[in-house]
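Heads up: the structure comes next, in structure tokens.
Protein chains get the first letters and strands the later ones, always in sequence-line order, with residue 1 at the start of each. The model shown is predicted, which means the values in this text are computed figures rather than measured ones.
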Amino acid sequence: MRRQLAIMRKSLFDQGHLDEQFIELEELQDDANPNFVEEVVALYFRDSARLILNMEQALEGKPFDFNKLDGYMHQFKGSSTSIGAKKVKAESTLFREYCRSGNAEGCVRAFQQLKKEYGTLRKKLEAYFQLARQTGPMETASRPK
Amino acid sequence: MVSGNSASSSSLSMKSDEDIVNNNNNLRVLVVDDSPMIRKLHDMYLKKFGLKVQVAENGKQAVDLFHFGASFDLILMDKEMPIMDGEEATKELRTMGVTSMIVGVTSLDSPNEKQAFMEAGLDYFFTKPLTTDNISFILQELNKKNNKN
């Protein structure tokens with residue numbers, strides 16, 4: 001099971017879902033806080049769900065309030081960066097570029113892609129942490145080669 | 001006032017982890033951020049360095065803490081917060097005569113907004129998320145400042 005967990009973890013990096021920031025989180029985890037990473041990621045998903053809902057509602061209004069949308073995405077990008085959500089961060093950046101240029105169609109497309117990447121990340125991380133709980137405490141974080 | 005996105009660890013003096021934690025045992029830090037995730041993250045980073053950490057959810061809570069007589073060596077201040085944002089809180093604290101080191105920590109990417117935040121009274125500015133190198137740099141500067149006083 002440990003090997004399966006290690007493979008799962010490696011694929012999250014190899015497929016570009018996570019970056020070095022996630023390893024920074026893992027390096028903070030210790031015996032006194034054995035579930036630190038999972039707890040931080042859970043808080044991220046809780047915040048993100050609220051922000052995505054806010055953005056969906058804002059995208060229903062016509063014309064778009066690009067400042068409002070950019071504000072929400074700014075927060076979302078910040079949180080995503082903090083947990084190392086690489087692809088989600090990239091989609092957030094693209095969305096913000098469309099906001100700043102007032103490109104409504106671009107915003108809608110970018111938001112759909114962002115939700116897709118976010119959904120994939122969420123599924124993969126939930127599966128990863130579920131397996132991690134079954135496997136028990138891991139050794140120290142290793143950086144991908 | 002200096003802004004920085006990263007600090008080179010080669011510029012830091014080489015100390016053992018235990019020395020660093022022991023040196024920081026008396027330093028008190030206030031983390032001001034409306035995100036529970038960021039508060040948890042920065043709390044953990046700072047405790048690893050042996051710091052005593054308190055958190056506030058917005059600028060008004062931070063200012064109120066000082067009004068009620070609290071003091072901190074270091075304040076990590078987010079910019080975008082409800083009720084009172086980081087820029088306003090920083091101005092307010094400086095007006096009150098607070099001389100704690102205040103470090104802006106935010107994901108702002110507009111140079112004008114960064115400049116305005118710095119001019120509110122920050123000592124340093126870092127983009128989120130903080131890294132261990134950033135914290136090492138901040139603590140080095142804080143220790144220099146405390147040694148001068």
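Hydrophobic clustering (side-chain heavy atoms under 4.5 Å, transitive across Ile, Leu, Val, Met, Phe, Trp, Tyr) groups A:I52 together with A:M73. Under the 4.5 Å side-chain heavy-atom criterion for grouping Ile, Leu, Val, Met, Phe, Trp and Tyr, B:V63 is not connected to B:F68 through any hydrophobic cluster. Linking ILVMFWY side-chain heavy atoms closer than 4.5 Å, directly or via other members, places A:Y72 and A:L94 in two distinct hydrophobic clusters. Linking Ile, Leu, Val, Met, Phe, Trp and Tyr whenever their side-chain heavy atoms come within less than 4.5 Å puts B:M96 and B:I102 in one cluster. Side-chain heavy atoms closer than 4.5 Å link hydrophobic residues (I, L, V, M, F, W, Y) into clusters, and following such links, even through other members, never connects B:I83 to B:V32.
Of residues 106-114 of chain A, no residue lies under 4.5 Å from chain B by any heavy-atom pair.
Interatomic distance, A:Q21 CD to B:T131 OG1, rounded to the nearest 0.5 Å: 8.0 Å. Summarising the geometry, atom NE2 belonging to A:H74 is positioned 4.5 Å from atom CD belonging to B:E80; distances are rounded to the nearest 0.5 Å. Separation of atoms NZ (B:K128) and OG (A:S82) is listed at 6.5 Å; rounding is to 0.5 Å. One distance of note links CE of B:M44 with CG of A:L25; it measures 10.0 Å at 0.5 Å rounding.
Residues in residues 18-57 of chain A take part in these ring-ring contact (aromatic ring centres under 6.0 Å, His included) pairs, two or more places apart or across chains: A:F45-A:Y118.
A heavy-atom distance below 4.5 Å is found between the side chains of A:L28 and B:L41.
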Query raised in the report: Could you go step by step and tell me if A:I83 and B:M37 meet the side-chain contact (heavy atoms from CB on, under 4.5 Å) rule?
Result: CA-CA 9 Å; A:I83 68 144; B:M37 186 193 80; 3.7 Å; yes

Query - Verdict with reasoning, A:L43 to B:K40, per side-chain contact (heavy atoms from CB on, under 4.5 Å) - result: CA-CA 9 Å; A:L43 285 170; B:K40 187 177 182 76; 3.6 Å; yes

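Heavy-atom contacts from other residues, nucleotides or ligands closer than 6.0 Å to CD of A:Q134 number more than 12.
Only the side chain of B:I38 comes within less than 4.5 Å of a heavy atom of chain A; its backbone N, CA, C and O stay farther away.
Counting all heavy atoms, side chain and backbone alike, B:K48 lies closest to A:D30 at NZ-OD2, 2.7 Å.
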